[in-house]
Novice: 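If you scroll down you'll find the structure; I have some questions about it.
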Amino acid sequence: MKRILWLIIAIFCSVSVTARNKINFNGLNQLVDIEENLRSRSGECSPLIEAVVTMNQGWSDENFDKFDARIILNAMSDMLLIEIPADRIRDFSELPEVNYVEFGNEYHLMMDFGRPGSNVTQIQAGFDLNGLDVSYTGNGVVTGLMDNGIDPNHINFINEDGSLRVKRAYDFNLGKSAVTEREIKRFTTDDAKESHGTHVAGIMAGSYNREGDYVYMTSPIGGSPVSVNGNVPYYGVAIGSDIVMSGGVLTDGNIMKGVQNVIDYANTIGLPAVVNLSLGSNDGPHDSSTSLNRFLSEKGKEAIICLAAGNEGDSKMFVGKKFTQDDVELKTFILNNVSSGVDIWTNGPDPVEVSVLMVRRTNQRATAVATVSSAGQSVTAGDLFTANMSGTCRLRSEVNSLNNRYHVAMSGTFEPKTAGSSYNVAVSVKGKVGQEVFVYGYGDEYTSFTSNAVSGYTDGTTDGTISDLACSDNVVVVGSYNTRTSWPVFAGRYSYKSEFVVGEMSPFSSFGTSYSGIELPTISAPGAAIISSFNRYETNTKDASWINENTTAKVTASVGAVNYWGRMQGTSMACPYVSGTMALWLEADPTLDVKTITEILKTTAVKPDASLSDIQKKQWGGGRLDALAGIREVLRRKAEAGIDGVVADAGGYVITPAGDRGYNVVVDGADRLVARLYNMQGVAVAETVGRGGELTLDAAGMAPGVYILAVEASNAAPISRRVLLR
């Protein structure tokens, strides 16, 4: 998961910004490029851009009307997604009603041996529960995703009778939506050069298990592939769920719209929802304060949101330090002098001094070529840097308005002009006793750090490679472990190198600790060499040689292009495995919330071997997913809780269903009772007051779905329960 870096053009080198910027750095970088293009193309209209704005109290529609801005999505009470002309956004940001504006951020993408590896196959096929054979497929649950390269008409998402499992499809690149079966059948793809979204959706919910040509292996570690014609075994997890797909460039606004689309559709039909986000970025404060973090944290109360941990677990992309009386400087080299960016955050608003150093290789003498020491500075590295490196380098500083933390962004290209360069590039951070500094690498070519065995410099660590987006609250974060090390294609077999071992964590799986102290990932699932569906619009452009060497199964339908399956790897693949599993659990108990699911994931997970090192154990997160043990615990808790999660409570409450759309509440000795029903947006939609210790709440007029039933009694502490109205 890499982030595209918008490099600032030279004309902006000396521009200074206010100490508390009201536009994020990536947005400013993109805006400068747009403004330069407009200057060079006289007479062109300013393009419209989407921006996420956090508002202060007192804002009104007039704030947007006067700047020709349009509200696209009311994301939260103080957060809006808007469309606005690029040449109006600077003035708009200066309104006192505007707290912060974010745009220009772009996130990047992060089963045959997988399903048995975590016992999903047993859940689908049936398992014994107190003498009964029960099975779950995600029926009655909505699974959705925001991704690139979606193909909703791939045969993996079509039932045997020809009916569509994809109920909504969106292409944010072209502004298209398909909400009827006719429209969905005419939907093509958002990106004909990408299969990621189709692959992810196939793992989460693909259901094709009928005739086709495929190759398979009897062992996950080797052997000769066998070619057969039969029922294709590479289907996914939640094979009975309804599906919502959104595709397009992975910006803040598109991700918000994609998540909201899944939740909105689920709400209209009264079903619980799971949202898969196999995407992320390494730069950012890792404290859940960005607008997108806040949005996901809030939406995680309405749907189960699963996020990929990241694919940088084998890169030393983090350095951190707490300054002491004896040590108030952090210095580290940029590994291999290749980078796109370094993101530096402190634990408060007080500034630190950040310098870009050119360090001579012969004697390790360091020369600072750019330094910032207070908020609101923008400094470009000087001649010594440009004479030796193939690009430029810039430092920008701020006190971030969303979290009140001092922040320095270092962007540039650090590759030497010649192989025999005399210099290495390093970063220096000087602060005060008690200050903490967190240094994250990111970019198109992952930034890693090293001491180069030089005294006074610090090595980077893989402990801290967790995606910033994964640090949101109320989400499930997924790492990857290995269920196979070899995989078949029509041309033969491929294998990983020796660092991939079945049953162990995938080397690439990111991990770390959020700013608030939460160790991530939440859980780990199969993510290495996972076989799933490919986007037909991509495979249709490939020649026979590519198809033979990269695909594992094919089905020729009566209409349309040939349907192919193939291998991908990453936490991007592990994440939909967990998303699909969550759909199975929600079918068993639709009232599950993210807190309960997280508890069950961690308590039923297979723990790492005790012989592993502390850092190896930390990479596992909560442990290895055991879907069957988890659903057994879901059903145990449900049985203990009674029908639809409503039972006699230890505090003296007795709550039982009154038909399909009501609840009886009894509390002995209570003079007064109040029962309220809240929707998942926190709005009270029904209320009943009772006397004499008893009442009946009638919810006949409510739409089907999950609600919160809250009850207060005069002689007992209040309680609340999630309930399902069918």
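Owing to the predicted nature of the structure, the values given are computational and were not obtained by experimental measurement. Here, residue 1 is the first one in the sequence, and each next residue gets the next number.
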Novice: When rounded to the nearest 0.5 angstrom, what distance separates CG in L677 from CZ in R661?
Specialist: 10.0 Å
Novice: Do side-chain atoms of S532 reach the backbone of H199 as a donor and acceptor pair under 3.5 angstrom?
Specialist: yes
Novice: Is there a donor in the side chain of S506 and an acceptor in the side chain of S480, or the other way round, less than 3.5 Å apart?
Specialist: yes
Novice: Can you classify the ring geometry of H407 versus W345 as parallel (below 30°), tilted (30 to 60°) or perpendicular (above 60°)?
Specialist: parallel
Novice: About how many Å separate CG of D468 and CG of N293, when rounded to the nearest 0.5 Å?
Specialist: 5.0 Å
Novice: Side chain of K617, backbone of P608: donor and acceptor closer than 3.5 Å?
Specialist: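 No, K617 side chain to P608 backbone: no donor-acceptor pair under 3.5 Å.
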Novice: So if I apply the side-chain contact (heavy atoms from CB on, under 4.5 Å) rule between D252 and each of N24, L81, L292, which one comes out positive?
Specialist: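 Among the candidates, only L292 passes.
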Novice: With a 4.0 Å cut-off on N to O distance, would you call E712 and R676 a salt bridge?
Specialist: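 A salt bridge links E712 with R676.
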Novice: Could you tell me whether D589 and R637 make a salt bridge, using a distance below 4.0 angstrom between a side-chain N and a carboxylate O?
Specialist: no
Novice: Taking atom types as modelled, is there a side-chain donor on N99 or T54 under 3.5 Å from an acceptor on the other?
Specialist: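 Checked: N99/T54 side chains show no N/O donor-acceptor pair below 3.5 Å.
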Novice: For the residue pair L296 and L277, establish whether any side-chain heavy-atom pair is separated by less than 4.5 Å.
Specialist: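 Yes; the side chains approach each other to less than 4.5 Å.
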Novice: Determine whether the side chains of T465 and D463 contain a donor N or O and an acceptor N or O closer than 3.5 Å.
Specialist: no
Novice: Does any donor atom in the side chain of K618 or S613 lie under 3.5 Å from an acceptor atom in the other side chain?
Specialist: no
Novice: Could you check whether K257 makes a cation-pi contact with Y170, meaning its NZ or CZ is under 6.0 Å from the centre of the six-membered ring and within 45° of the ring axis?
Specialist: no
Novice: When rounded to the nearest 0.5 angstrom, what distance separates CD1 in I631 from CZ in R636?
Specialist: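 Between atom CD1 of I631 and atom CZ of R636 there are 14.5 Å.
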Novice: Does atom NZ of K322 have more than 12 heavy-atom neighbours from other groups under 6.0 Å away?
Specialist: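 Count not over threshold, so no.
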Novice: Would you call the rings of F438 and Y515 parallel, tilted or perpendicular if under 30° counts as parallel and over 60° as perpendicular?
Specialist: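 Perpendicular.
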Novice: Between E436 and R405, does at least one N-O distance fall below 4.0 Å, as a salt bridge requires?
Specialist: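 A salt bridge is absent here (no side-chain N lies under 4.0 Å from a carboxylate O).
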Novice: Checking N664 against T696: is there a side-chain donor and acceptor pair closer than 3.5 Å?
Specialist: yes
Novice: Check for a donor-acceptor pair, side chain of R722 on one end and backbone N or O of L592 on the other, with a separation under 3.5 Å.
Specialist: yes
Novice: So how far is it from L307 CG to C575 SG, rounded to the nearest 0.5 Å?
Specialist: 6.0 Å
Novice: Working to the nearest 0.5 angstrom, can you tell me the gap between S281 OG and N105 CG?
Specialist: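 So the gap between those two atoms works out to 7.5 Å.
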Novice: For a quick check under 3.5 Å, do S289 and R294 share a side-chain donor-acceptor pair by atom type?
Specialist: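 Note: S289 and R294 side chains miss the donor-acceptor criterion.
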Novice: Decide, yes or no, whether a salt bridge links K301 with E298 under the criterion of side-chain N to carboxylate O below 4.0 Å.
Specialist: yes
Novice: Rounded at 0.5 Å granularity, tell me how far CE in M582 sits from CD in E587.
Specialist: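 Output value for this atom pair is 13.0 Å.
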Novice: Hey, is CG on D668 packed in by over 12 heavy atoms from elsewhere, all under 6.0 Å?
Specialist: no
Novice: Do the side chain of Y653 and the main chain of A713 share a donor and acceptor less than 3.5 angstrom apart?
Specialist: yes
Novice: Could you verify whether a donor N or O on one side chain and an acceptor N or O on the other, from T121 and Q124, lie under 3.5 Å apart?
Specialist: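 The criterion, which ignores hydrogens and geometry beyond distance, is not satisfied for Q124 and T121.
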Novice: Is the NZ or CZ atom of R624 positioned over Y481's six-membered ring, under 6.0 angstrom from the centre and within 45° of the axis?
Specialist: yes
Novice: Is it true that a side-chain atom of T603 and a backbone atom of E599 form a donor plus acceptor pair closer than 3.5 Å?
Specialist: yes
Novice: State, to 0.1 Å, how close I523 and V578 come at their nearest heavy-atom pair, and which atoms those are.
Specialist: CG2-CG2, 4.0 Å
Novice: Is it true that the side chains of S579 and N276 contain a donor and an acceptor less than 3.5 Å apart?
Specialist: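 A donor-acceptor contact under 3.5 Å links the two side chains.
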